[in-house]
J.: 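Just passing along the structure, written as structure tokens.
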Amino acid sequence: MRLAGDSEVSTLETPIGPATGRPPFLSQLHEWVTTVDHKKLGSMYVVCGIIYMIIAGLEASMMRWQLAWPGQTVLTPEEFNRLFTMHGTTMVFFVGMPILLGSANIMIPLMIGARDLAFPRLNAFGFWLFLFGSILLYFSYFGGQGLYGMGSAPDVGWFAYAPLTERTYSRGHSTDYWILGIFVAGIGSTATGINFIATILGMRCRGMTLMKMPLFVWIMLVDAILIVIALPPLAAAQIMLLFDRLLGAHFFDAQAGGSALLWQNLFWFFGHPEVYILILPAFAYVTEIIPVFSRKVIFGYPLMVAATVAIGFISLGVWVHHMFSVGLSPLINAIFMASTMLVGVPTGIKMFNWTATMIGGKIRFDTPMLFSIGFLCQFLMGGLTGIFLATVPFDWQVSDSYFVVGHFHYVLFGGLIFGILAATFYWYPKVTGRMMSETLGKWQFWLLIIGFNMTFGAMHVSGLLGMPRRIYTYQTERGWDLWNLLTSIGVIFQIAAFTLFAINLLHSAFKGRRAGDDPWDAWTLEWSTTSPPPAHNFDEDPVVYSRRPLWDLKHPEDPDWKYE
Amino acid sequence: MSTAPMTAYPTPPEALPQDGMSNGKFGIGLMIVSEITFFGTLIAAYVFYIGRDINPPYPQDVLEVSIAPFKVLFNSVFLLISSVWIWLAVRAMRKGRMGAFIFWWALTVVCGAEFLVGTGMEWYDMIVNDGVWIGTNLFGSGFYTVVGFHAFHVTMGLIVLTLILILALLGHVTPRNVEKIDLVSWYWHFVDGIWIVVFSVVYIFGNQAIT
């Protein structure tokens, strides 16, 4: 294994920078298009995810402009419907999924001491399916009604409830683009999930038993299992919808005996595990970051594993809580209310373990740690409103209101995006070889904390005051004016924060301080190789004896394996 | 910081070997898991719609469970027995008997092709004589989707099997490839296994007068 400090190898393996002359653009492009290297594919996933995050963020900003004051006419109702559909679909499938797949792609082989994923070409296949699936969705802006009809994007919401998606109500092909874009990307995600599981179970380095894996890898294993189990049902449901639309089948056609309720069941059978597929990677990031910046071992490793597996299991049996207001029997509602509340137990265990890791630690408040702490606070609030919403009577009261919108943004933005930002600041040095700017990072963090809470905190209030989601405007006498204005002002802070982030990403790639192999004094295997790692990752196959191989290496007098 | 290699630890604890299963087995096994959830969803929808049709023809008017040539039981026997042939083929290859491998492998292809032809004839009969197509009613929608996706999987399997047969006849497949050939047979067993479920649901369970 390569160790920190052997600089002569790192100069050989660093990608050719401007000083040594770049190869011609075309051959570089060819290299990226044909690559099967997990680090390059992972980087492309993440870069595409961030580009889509900007697009979907702009879509959200336009909606907030429209809703800032009552009776605005910035957008037509049709445009508004397309924007919330595209915003939701993009954020879930083309921001959350690629960034989680990309980060796992880069980190899993490095953390388990492997050369690459189990199936490198399948990995490339998965990435290109994702990219073309996402392009197919966005092509609907041009092709949705046919090119002569000046196209339009899907406008059926990200969960595309039947019968609104049936041919009768959704003319043209915009819904078909929604179906096919996600279907194609979903096949890629499933293939990559299979790839992750095979890699984690079959390619760990010598000595790395399952209970010596970094928790990142454990959580990604459960995540990949959820992907393999939950994505094919969506594909099947989408096939049925596609057959309804294109071949005249009657699955969701109530006039012919079909059932719109079945779509809701099938969609949420995918959709709820999908929520956990999205949030588990954020758990994975902070579980790696918090111990390093608290200078302590993670508290309760076995319990963290158990809690992750428990979340995976429970998440497959809670989907009906999205459908409480449909009017199912009280028994079914009660069962799913109980199972939903049960998720709070393992998640609570995780929250306590993270805080217990920080207690008594020598905490370093670098940007990754700031975002991790931000994650803990925001996600806690999202989790608590989640318990509110799991309570059937409360859900009836606020279902389809802005309260729900505020809740899931606390979970997915305050949880996932804060986790992603923490992970970006933490692993950027490993992937590019350069540090991101701490000053810009801290400015971004505080701007985002202010903007985020202003935007989504105010949504809870407007929701409780009765404002339904997905309305394109509202009258002034409703009492929602102030809260909507606050929500929209928060967006300005968020735009500022993400502009800083973009500047930071680009500027640091060229001008950032050189990171060295192990800038954070961390303990997992990825920090034992160069930054960026060579194509083959490790010069020697690593052997590990504990959960923190680099700690053992740095402290031979007091290695972890004596205690585990 | 120490620069000693990790292997130089004092009294290293147990250095454990990797798990025994190959990547390929994990890969195909997990693909089959994802396929099962895919088919599971389609079949769940089919079961959900049994007896909910408001327009004839109903399954019991159309589906003919018969052992006569090219009828569904006849085809099923061919498909299911092909699992035995492919098992014999892989076994022959493990023993290095390539002639026997080609014989059993070809027999698998023939049986699989018979199943597809039989399904095609059944569909022709249903579409032309009974007038049931995917848009006719709920039964048509479910039947052609579930049985159609199974037939699609058989077709994909047949393409792979035929390619391997051609490569074997050209001498490009040797007993050294047996692990990969074995994985193809896993897929074929899956296609046969899921047919048992599809057949039970569509032709037996859903084929009774529920009105």
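All chains are named by letter (A, B, ...) in the order of the sequence lines, taking the proteins before the strands, and each is independently numbered beginning at 1. Bear in mind the structure is a predicted one, so any value in this text is a computation, not a measurement.
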J.: Heavy atoms, side chains only, cut-off 4.5 Å: are A/I194 and B/S34 in contact?
T.: yes
J.: Taking the side chain as every heavy atom from C-beta outward, state whether A/S259 and B/Y49 have any pair of such atoms under 4.5 Å apart.
T.: yes
J.: Given heavy-atom pairs under 4.5 angstrom as the criterion, report whether the side chain, backbone, both or neither of A/L266 touches chain B.
T.: side chain
J.: Answer with side chain, backbone, both or neither: which region of A/L231 has an atom nearer than 4.5 Å to a non-hydrogen atom of chain B?
T.: neither
J.: Just wondering, are more than 12 heavy atoms of other shown residues or ligands nearer than 6.0 Å to CZ in A/F125?
T.: no
J.: Step by step, work out the side-chain contact (heavy atoms from CB on, under 4.5 Å) result for A/I239 and B/F149.
T.: CA-CA 10 Å; A/I239 288 283; B/F149 261 96; 3.3 Å; yes
J.: So which atom in A/V228 and which in B/L30 form the shortest heavy-atom distance, rounded to 0.1 Å?
T.: CG1-O, 3.8 Å
J.: With side-chain contact (heavy atoms from CB on, under 4.5 Å) as the test, would you mind laying out the steps for B/M31 and A/T190 before giving the verdict?
T.: CA-CA 9 Å; B/M31 190 196 88; A/T190 311; over 6 Å; no
J.: For B/F26, which of A/N195, A/I200, A/L201 qualifies under side-chain contact (heavy atoms from CB on, under 4.5 Å)?
T.: A/L201
J.: Taking the side chain as C-beta and beyond, is there a heavy-atom pair between A/H250 and B/I134 under 4.5 Å?
T.: no
J.: For chain B, which candidate among A/P233, A/A230, A/A118, A/A256 shows the most heavy-atom pairs at distances under 4.5 Å?
T.: A/P233
J.: Quick check on A/F196 against chain B: is it the side chain, the backbone, both or neither that has a heavy atom closer than 4.5 Å?
T.: neither
J.: If you take all heavy atoms of A/L262 and B/A45, which pair is closest and at what distance?
T.: CD2-CB, 3.8 Å
J.: Relative to chain B, which segment of A/Q255 carries a heavy atom at a distance below 4.5 Å: side chain, backbone, both, or neither?
T.: backbone
J.: Would you mind reporting whether B/T145 and A/F251 have side-chain heavy atoms less than 4.5 Å apart?
T.: yes
